[in-house]
Enquirer: 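The structure that follows is given in the form of C-alpha cells.
Values below: all heavy atoms of this structure, side chains included; hydrogens, waters and symmetry mates excluded. Order of the sequence lines sets the chain letters (A, B, ...), proteins ahead of strands, with each chain counted from 1. This is a predicted model, so every value here is computed, not measured.
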Amino acid sequence: MFGQITYRQEKKKRYYAGCATVLGESKSMRLSLTSPSRGTWRLWRAIALDACMPLLAVVVALCLGALVLLGLGKDPILAYGAMFGGAFGTVSGLTQTLAKATPLILVGLGVTIAFRARVINIGAEGQIIVGALGATAFALSFAEWPGWFLLPLTALMGALAGGLWGLVPGILKARLAVNEILSTVMMNAIAFQLMNFLLRGPMLDPAQVAAGTNIPQSAALPAQVWIERVVPRTLFHWGFFLALALAIAVTILLWRTTLGYRIRAVGFNPAAARYAGIPVATVITLAMVLGGSFAGLAGAIEVMGVHRRIVEGISGGYGFNGIVVALFGRLHPLGVIPSAFLFGGLLVGADQMQRTVQVPAALITALNGLVVLMVVSSTYWSQQRIARRQSEAARPSETHAKDEQPLDARLTPDL
Amino acid sequence: MQAFPPRRTTSTITSLELRGITKRFPGVIANDTVNLSVHGGEIHALLGENGAGKSTLMKILYGLYQPDAGEVRINDQPVTISSPQDAIARGIGMIHQHFMLVPSLTVAENIALGLRSSRGLRLDLDRVSAEVQRLAELYGLRVDPKASIWQLSVGEQQRVEILKALYRGAELLVLDEPTAVITPQEVDDLFAMLRQMRTEGRALIFISHKLREVIALSDRVSVLRDGRLVGTFATAGKSRSDLARLMVGREVVAARADNSHPTEHAGSVALELHGISAQSDRNTPALHGVTLQVRAGEILGLAGVSGNGQRELAEVIAGLRPTSAGTIKLAGKELMGNPAERANAGISYIPEERMRDGAVLEFSVAENLILRNHTEAPFARGPLLDRSAVDQAGRDLIQRFNIKTPGPHTPLKSLSGGNIQKVIMARELSREPAVLVAAQPTRGVDIGATAAIHQLLIELRQRGGAILLISEDLDEILALADRIAVIHAGNIAAILPHAEATPERLGLLMAGVASEVT
C-alpha cells in the first residue's frame, strides 16, 4: 500500500485536505493552485490564514457555545444577535465596550511585557487594586493641587503602586526562583484584603460614615483629576486613547529599545542571555515591575475615568480577562487592541444576552475559556502548517552540494 | 547456545529490513524513503553527518518514533514496533549515547530494573548478579555487579548498558556513537567485544561519523545523506576518502601532512590560571587547583573525557561560575567581574551547549549577532536600538563569515547546526578577543562547517589571539593545538607540546593513569 502512494502525493493530498476543510475551498480554487505563480500565492494565503487564526478560534468557540445554548433550549441566533447588538450595535453599547476595553488594553499590555520575559503575571488583579488605592489616596491627599499637575501625577502614582506590587514577585522570582504564578496569586489576596481594610476604615467615605450607610467606597476624587468623557453621559472616557498610545509605546519598547531586546532575549532563552552577559535577574524583575505598573495604571485610570472614586470590586475581573486579552492578541502590544475591543464587547454583550434570552451571563465566562483553548490549539495548528511548509522547502535539491568548494583535509582531521 | 542469557524472548534475528522508511519533523524530512537491511552475524555501520537521519532511523527501529511511511521486517515478517518494550521483546537492544542508568543503584539493580522478578514481589538480585557475572566473564567485560553506577567510569557504564541489553536478550544491538565518550583504550576493548558478538551470530548496527572506526570494524556500511540512503557498500575496499565523499556528497582533497604548528609564533602569556578550584552544579568539587597558561598566538588544546571539569573551567574563565580558590589573570591583570565585564576585557566564549547557551534560536540572525554588544554604539543610541545599524552589521558578518542564510532577518532556528555555530563564531570573533575559549566548537557540525570553523580558529591564532580549545575529539586537538593539556577529574594531568603528544599517551592520561606522566 505504501508502495502505491508516493510520499509526495500523499503529502499534497493531506495539504489540500487540510486547507479545504478550513476554508471550504471550491474546486476551481484548487485548480488555480497549479498555476505558475502558485508559490507566491500560496505563501500569501498562508500568511493571511495565520493572521485570521484567532478570529477562527472565536468562531469555533461561538459554535460550541451555540451548542450549549441549544442544549439549554435557547435560540443561539437570537442570543448572539442580542449579544453583538448590545455590544457593538448601539451608541450606548459601543461606548460601554470601549470603556471596558480601556483597562483591558492596559492590563493586556502589562501581561504582554511580562510574558515576553517569560514571566507569567497572574497578579494583574491585585496590581489594579493597589493602583486604584494609590491613585485615590494620592489625589485625596493633595486635593488642592491644580489639575494639570495633579492629574498626571495621580495616574503615575497608580502605576507606581502597581509596579511596587509587581516588584515583590519579580525579586522573589529573579533572586530566589520563587514561582511567580504562586507569588502573584498571593499578592492578589493581599491586595484584596488591603482594599477591604482601607475601604472599611481609613479610606471610607466620610459621607458614608455621616449617613450611617457605610457602603465600602472612598470619597469622590477632586474634580480636577476626573478624566473627561469622550461622549457625554456615557462611561467612554479619554483614557481609551491613552491606552492606544501606550500600545504603540510598548511596541517601540519591545522592538526598538535595548531594554526590549533584553526582555525578549531573556524570555526566549535565559541561558543564552546569561552567557552573553545580560543581567537576567534584573531584566526579569524589571519586566515584572513594568507589567505591574501597567495594571496599576489601569486601576488608576478606572478610578479617574469611570467611578471617580474607589469602590469595592474596582478590579472587575479585568486582571484575569487581561491575561486572556494578551494571549488572544498573540502577546503583541498592537494585537492587544482589537483583542481588548472584542472581549470588552463580550462582557457588555453578556448582560444584553442575559436580559434577552434569560441565559446566565456566566456562559460568557465559559465562552472566554473556550476562546483561550481555541487560540492555544490554533497556535499549535499553525505551527504544524509552518512546519509542513518548511519541510517542503527543506527537501534537499539535487544540485545543492555540487557548487560548494572541495574540503581541505588538513582542517577535517577525520578524513 | 549457552552464550545466550536466560530471558531471551525471541528466536534469533537472521535478517532485519527497513523498507521505505519516511519520517518528517517540523522543518525537516529526517528520513526520506530509506531502505536498510542487516543480517545476523554482521557489523553494519550506519554512516552520515550529524543531521543526516541516522539517529531518527534507529529511534524508529527502537519504537521511540513511528515512521510516517514504510515498514520494518524481521526475519521476512512485517512487524510493528510501537514502543521500546516492543523492540526489546523482539530482541532489539539499543545503547544510547547518553546512558540510561540510575547512578545510585548497583550494576545488578540497574540491569534488573523494569524486569519481572522470578520470585514474585521479592527481588532475586542474587540470580541477576550471578547471571551478570557469567555474561561479563563470557565477553571479558570487567564489571562488578555489586558496584554502584556512580562509582564507574564512563567506559564501564557503557559496558553495563551493553550487559543490560544482552541480559534482556538482544539479538540485534544498535550502538549510537559508542566511541564518542570513551578513551582510545576503552575503544579497543569495545571493538573486541563487538567482534565476539558478531561471531555468535548477533546483528550489530554501529552508528558513527568517524571513518577510521567504520573501516576498522564494520563488514558493510550504509551511508545516509540529507535523510536519504546514498547506498549500502561492502566496507572492504573502501578508503576513507571514498566514504567521506559518499557522506558529504562532494570531492574531498587528499590528506596532507599537517605541519602548521609554529610554536615560535606564541608571544606573551595572555591568559593565566593559577590554582583554580570550583564546584559543579551539584556543589561537588569539579576543579582542583587548575594551573595553566595560554600564550598570545597559541592554541592550547584541552583534551579529556567529557565531564572531567571542562565545562566548569570554561565557565570560570567566562565569569559564569564562581571560583572557590585561585586567580585568573588576563595579560597580567587579574580578571574579575560579571560575564559582560569580562567580555569587554577581551574574553570570548563559545559554549559547549550552543543551542541552549550560545544563541537565542527564536531571534533573527542579525539579532543574535549583537547579543554581546547590543548596548554599544552603533547599535544602541541611548535607550533605543538602531535597527539599520543592526541589519548592516548583520549583513557584513554574514558575508565575512560566509554564513549560509537567506538574510539577516531569518530566524536562527531555521539555519543548519553548522551555520548556527558560524553565527556564534562571528559574534565572538568579530570582537577581536584577546582570549577565546572554544568548547566543543565542531561537535554536531557537518564536515564543511567544521573546516570553516577550524580555519577561523587558525586565523585568530595568526592574528595573535590566545585560544583555549576544549574538545573531546583527539583528532581535532592534534590537528589544531600547539600544546595539549589533559584534564582528568578536575586536575590537569599533563601539558605536552604537540610533538610529544600521541593518541596513545593522551588516551592514558585521559583515563587517569597518572604513572604515565613524565
Side-chain angles (χ1 to χ4, degrees), chain A residues 1-3 5-8 10-11 14 252-262 264-280 383-398 400-415, chain B residues 20 22 24-29 32-33 69-71 209-212 226-227 240-241 244 248-256 258 260 318 320 338-340 343 349 351 356-363 367 371-372 374-375 380 383-385 387 414 447-448 450-451 454-455 475-476 478-479:
Chain A
M1 171 195 171
F2 287 112
I5 303 171
T6 68
Y7 161 65
R8 213 180 257 272
E10 193 197 28
K11 189 158 91 169
R14 276 205 215 165
I252 292 169
L253 169 79
L254 285 175
W255 281 280
R256 291 283 187 274
T257 69
T258 51
L259 176 63
Y261 176 90
R262 290 183 158 201
R264 288 183 303 124
V266 167
F268 282 134
N269 188 343
R274 191 171 91 89
Y275 271 64
I278 294 173
V280 174
Q383 272 168 359
Q384 292 255 303
R385 287 172 42 80
I386 291 167
R388 232 177 296 154
R389 279 205 300 275
Q390 283 177 346
S391 63
E392 184 82 1
R395 238 185 137 75
S397 65
E398 303 299 330
H400 163 68
K402 283 181 188 151
D403 47 82
E404 292 188 33
Q405 292 292 309
L407 297 169
D408 188 337
R410 276 176 312 170
L411 300 175
T412 50
D414 202 40
L415 298 182
Chain B
T22 294
R24 272 159 301 194
F25 289 113
V28 281
I29 302 177
D32 193 353
T33 53
E71 62 171 358
H209 60 252
K210 294 190 177 167
L211 302 170
R212 185 186 310 128
D226 292 337
R240 277 204 236 168
S241 56
V248 186
R250 52 194 148 106
E251 266 315 315
V252 178
V253 178
R256 272 178 284 169
D258 181 34
S260 62
L320 293 155
N338 62 32
Y349 176 33
R356 193 190 68 198
D357 301 330
V360 180
L361 295 181
E362 291 83 358
F363 268 7
E367 281 176 316
L371 203 55
R372 280 273 196 202
H374 59 275
T375 52
L384 293 179
L385 203 61
R387 303 291 282 196
S414 64
I447 286 190
T450 296
H454 286 171
Q455 188 61 48
D475 294 323
E476 177 172 75
L478 287 168

Enquirer: For B:L371 and A:A265, work out which heavy atoms get closest and say how close.
Expert: CD1-CB, 4.3 Å
Enquirer: Assign the ring pair B:F363 / A:Y261 to parallel, tilted or perpendicular, where the plane angle (0 to 90°) is split at 30° and 60°.
Expert: tilted
Enquirer: Of the backbone (N, CA, C, O) and the side chain (C-beta and beyond), which part of B:R387 lies under 4.5 Å from a heavy atom of chain A, both, or neither?
Expert: side chain
Enquirer: Closest heavy-atom contact between B:H374 and A:T258?
Expert: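 Closest approach of B:H374 to A:T258, heavy atoms only: O-CG2, 3.3 Å.
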Enquirer: B:A359 versus chain A, heavy atoms under 4.5 Å apart: side chain, backbone, both or neither?
Expert: backbone
Enquirer: Looking only at heavy atoms, which two atoms of A:T257 and B:L384 are closest? And how far apart?
Expert: CG2-CD2, 3.7 Å
Enquirer: Would you confirm whether B:N338, through its side chain, and A:G277, through its main-chain N or O, come within 3.5 Å as a donor-acceptor pair?
Expert: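 Such a contact is absent between B:N338 side chain and A:G277 backbone.
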Enquirer: Looking only at heavy atoms and a cut-off of under 4.5 Å, which of A:P270, A:A272, A:G260 has the most pairs with chain B?
Expert: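 Top option by heavy-atom pairs under 4.5 Å: A:A272.
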Enquirer: Considering residues at least two apart in sequence or located in another chain, which fulfil the salt bridge (charged side-chain N to carboxylate O under 4.0 Å, His left out) criterion with A:R274?
Expert: none
Enquirer: Heavy-atom distances under 4.5 Å only: say whether A:I278 touches chain B with side chain, backbone, both or neither.
Expert: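 Side chain only.
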Enquirer: Between B:L320 and A:Y275, is the side chain to side chain contact (heavy atoms under 4.5 Å, CB included) condition met? List the steps.
Expert: CA-CA 7 Å; B:L320 293 155; A:Y275 271 64; 3.5 Å; yes
Enquirer: Only pairs of heavy atoms separated by less than 4.5 Å count here; which of B:A340, B:P339, B:P383 has the most with chain A?
Expert: B:P383
Enquirer: So does B:D357 get a backbone contact from the side chain of A:N269, meaning a donor-acceptor N/O pair under 3.5 Å?
Expert: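 No: the side chain of A:N269 does not pair with the backbone of B:D357.
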